[in-house]
Novice: 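One structure coming up, written as structure tokens, with questions to follow.
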Number of protein chains: 2
Amino acid sequence: MESKLLAKRPVLSKSEMEIARVLWGLGEATAREVTEALPKGRKLDFSTVQTYLSRLENKSYVKSKLVGRAKVYRGSVKPQQVVREAVDDFVKLLFGGEKVPLVRHLVSEAGVSKEELAELRELIESMEREQDNVDID
Amino acid sequence: MESKLLAKRPVLSKSEMEIARVLWGLGEATAREVTEALPKGRKLDFSTVQTYLSRLENKSYVKSKLVGRAKVYRGSVKPQQVVREAVDDFVKLLFGGEKVPLVRHLVSEAGVSKEELAELRELIESMEREQDNVDID
DNA sequence: CCGTTTCAGCTACATCTGTAGTTGAATAGT
DNA sequence: ACTATTCAACTACAGATGTAGCTGAAACGG
């Protein structure tokens with residue numbers, strides 16, 4: 001029941017999130033490297049990426065060290081955590097905080113293959129099993 | 001594989017989405033009614049709500065008709081649809097478009113009760129069954 | 001050595017967002 | 001009829017966002 005008592009990091013904007021994800025994928029990287037690792041079709045100027053990385057650093061999502069003359073960035077918060085927060089906010093906003101309706105939406109609104117369904121069923125079954133062992137986090 | 005070819009409505013901001021959801025809940029409503037229907041603890045000035053409703057109207061998410069001197073608003077796009085778009089964007093942004101990882105995240109990261117798990121399993125099973133009937137959309 | 005590239009660190013700037021105030025007309029209360 | 005209330009329509013405005021340009025120093029190619 002961890003309510004919202006602790007002052008959080010400011011939320012990430014879309015673009016910032018995009019960059020953060022690329023950085024997570026690379027582990028460590030300079031602005032240049034992040035720029036080059038952008039997904040096909042997504043063009044951003046080097047200096048734009050620089051800006052986002054700075055903003056990420058101000059918001060304390062990444063830190064940097066100087067290596068030679070260039071800054072090497074890396075995440076300073078676990079992706080897991082960032083994603084969880086983002087998902088929570090999203091669920092709160094669109095589904096009044098209820099996860100199940102979102103899952104329902106995701107699963108029913110087309111686009112989930114037979115294999116994926118099977119995988120999800122597995123997952124759920126394993127969660128159900130896990131719940132029997134009163135597994136207190 | 002409906003790519004992004006058709007010019008879409010501009011995306012909704014958080015506050016706009018909030019208001020849209022209230023309006024959907026009411027079906028039809030004036031700015032005053034929406035203001036009063038805000039969830040407990042969420043205070044917004046009447047004129048703020050008015051502003052959001054106008055913005056929603058400009059973005060073509062709602063339409064209005066004059067009844068007496070007051071505007072009565074109602075959604076002009078199916079919530080279903082708006083939610084789908086929002087979810088799609090979100091999934092694209094945080095999970096590279098893959099729904100399954102999001103579902104995984106939602107289901108595993110605590111907070112889903114035994115009953116809900118059962119419900120979801122049902123849902124998935126029914127989807128699996130449904131897939132056997134080559135149910136072409 | 002000297003031009004070219006490439007950084008970090010600033011600055012810029014149009015939009016969008018969150019939130020509300022102002023004004024003039026219509027209406028309701030008395 | 002006068003006043004208080006309530007709208008729609010417009011204005012306001014600071015802060016966030018998306019995106020990039022400029023500057024001076026450092027390093028690199030030849």
Side-chain angles (χ1 to χ4, degrees), chain A residues 7-23 28-39 41-74 82 85-86 89-90 92-94, chain B residues 7-23 28-39 41-74 86 89-90 92-94:
Chain A
K8 259 197 224 308
R9 291 177 272 319
V11 313
L12 294 186
S13 73
K14 272 164 178 274
S15 297
E16 287 161 357
M17 183 65 85
E18 219 190 329
I19 297 301
R21 296 221 326 135
V22 173
L23 182 57
E28 269 201 344
T30 62
R32 178 71 50 190
E33 290 164 339
V34 170
T35 306
E36 278 156 8
L38 284 172
R42 177 52 156 137
K43 286 289 174 256
L44 283 182
D45 194 281
F46 168 74
S47 73
T48 303
V49 173
Q50 255 187 166
T51 300
Y52 291 147
L53 284 170
S54 296
R55 288 179 183 174
L56 281 169
E57 190 163 27
N58 289 328
K59 294 187 177 181
S60 301
Y61 280 89
V62 311
K63 57 192 157 133
S64 64
K65 63 185 173 196
L66 236 59
V67 173
R69 193 167 59 95
K71 280 189 161 186
V72 175
Y73 292 88
R74 68 156 46 242
V82 177
E85 289 167 4
D89 282 0
F90 184 75
K92 209 165 297 172
L93 181 62
L94 263 103
Chain B
K8 258 193 224 309
R9 293 177 270 320
V11 99
L12 294 186
S13 73
K14 273 165 178 272
S15 297
E16 286 160 358
M17 183 65 83
E18 218 191 330
I19 296 300
R21 295 217 331 132
V22 173
L23 182 56
E28 270 200 342
T30 63
R32 178 70 52 190
E33 289 163 341
V34 170
T35 306
E36 278 157 8
L38 285 173
R42 177 53 155 139
K43 285 287 173 258
L44 283 182
D45 194 282
F46 168 72
S47 74
T48 302
V49 173
Q50 256 189 165
T51 300
Y52 292 147
L53 285 169
S54 296
R55 289 180 183 172
L56 281 170
E57 191 163 28
N58 289 329
K59 294 188 178 180
S60 301
Y61 281 88
V62 310
K63 57 191 158 130
S64 64
K65 63 182 172 196
L66 235 59
V67 173
R69 194 167 59 96
K71 280 189 161 186
V72 175
Y73 291 89
R74 67 157 44 241
D89 281 1
F90 184 75
K92 209 165 297 170
L93 181 62
L94 264 101

Novice: Which of these nucleotides, D/dT19, C/dA8, C/dT6, is closest to any side-chain atom of A/L44?
Specialist: D/dT19
Novice: Where is the tightest heavy-atom contact between B/A31 and B/V49, given as atom of each residue plus distance?
Specialist: O-CG1, 3.8 Å
Novice: Using whole Å, report how far NZ of B/K14 lies from C1' of D/dT17.
Specialist: 14 Å
Novice: Would you give the length of the straight line joining atom OG1 of A/T48 to atom CG of A/L53, rounded to the nearest 0.5 angstrom?
Specialist: 11.0 Å
Novice: How many angstroms lie between atom OH of A/Y52 and atom CE of A/M17, to the nearest 0.5 angstrom?
Specialist: 14.0 Å
Novice: Tell me if a side-chain donor or acceptor on B/E33 pairs with a main-chain N or O of B/T30 at a distance below 3.5 Å.
Specialist: yes
Novice: Could you go step by step and tell me if A/E85 and A/D89 meet the side-chain contact (heavy atoms from CB on, under 4.5 Å) rule?
Specialist: CA-CA 6 Å; A/E85 289 167 4; A/D89 282 0; 5.7 Å; no
Novice: Test side-chain contact (heavy atoms from CB on, under 4.5 Å) on A/I19 and A/L38 and set out the steps.
Specialist: CA-CA 8 Å; A/I19 297 301; A/L38 284 172; 4.2 Å; yes
Novice: Hey, can you pull the residues of residues 52-62 of chain A with a non-hydrogen atom under 4.0 angstrom from DNA chain D?
Specialist: A/Y52, A/R55, A/K59
Novice: For the helix from C/dC1-D/dG30 to C/dT30-D/dA1, measure the angle between the helix axis at one end and the axis at the other, each built from five pairs, rounding to 10°.
Specialist: 10°
Novice: Using the side chain to side chain contact (heavy atoms under 4.5 Å, CB included) criterion, which residues pair with B/K92? Sequence neighbours excluded.
Specialist: none
Novice: Can you give one letter per nucleotide of nucleotides 23-30 of chain D, 5' to 3': B if a protein heavy atom sits under 4.0 Å from the base, S if only from the sugar-phosphate, - if neither?
Specialist: --BBS---
Novice: Give the rounded distance in Å between these two atoms: CZ of B/F46 and C1' of D/dC10.
Specialist: 14 Å
Novice: Heavy atoms under 4.0 Å, any strand shown: does B/L66 hit a base, just sugar-phosphate, or nothing?
Specialist: nothing
Novice: Closer than 4.0 Å, any side-chain N/O of A/S15 to the OP1 or OP2 of D/dT17?
Specialist: no
Novice: Of the options D/dT17, C/dC7, C/dT17, whose atoms approach the side-chain atoms of B/E16 most closely?
Specialist: C/dT17
Novice: Nearest 0.5 Å, please: how far is OG in B/S64 from CG in B/L23?
Specialist: 10.5 Å
Novice: I need the minimum non-hydrogen distance between B/V62 and B/Y73, along with the two atoms involved.
Specialist: CG2-CD2, 3.8 Å
Novice: Look up atom NZ in A/K63 and atom CG in A/L56, then write down how far apart they are to the nearest 0.5 Å.
Specialist: 14.0 Å
Novice: Can you measure B/Y73 atom OH to D/dA8 atom C1' for me and round it to whole angstrom units?
Specialist: 8 Å
Novice: Counting only side-chain heavy atoms from C-beta out, which of C/dT19, C/dG18, D/dG18 sits nearest to A/S13?
Specialist: D/dG18
Novice: Taking N or O atoms only and anything under 3.5 Å, show me the protein contacts with nucleotides 21-23 of chain C, one pair per line.
Specialist:
unit_1: C/dG21; atom_1: N7; unit_2: B/S47; atom_2: OG; d: 3.1

Novice: Under 4.0 Å: is that the gap between some side-chain N or O of B/T30 and OP1 or OP2 of D/dC7?
Specialist: no
Novice: In Å and rounded to the nearest 0.5 Å, what is the CZ to NZ distance from A/R74 to A/K65?
Specialist: 6.0 Å
Novice: Measure the CD-CZ distance between B/Q50 and B/R32 for me, rounded to the nearest 0.5 Å.
Specialist: 8.5 Å
Novice: What pairs with B/K59 under side chain to side chain contact (heavy atoms under 4.5 Å, CB included), at least two apart in sequence or on another chain?
Specialist: B/P10, B/L12, B/E16, B/Y61
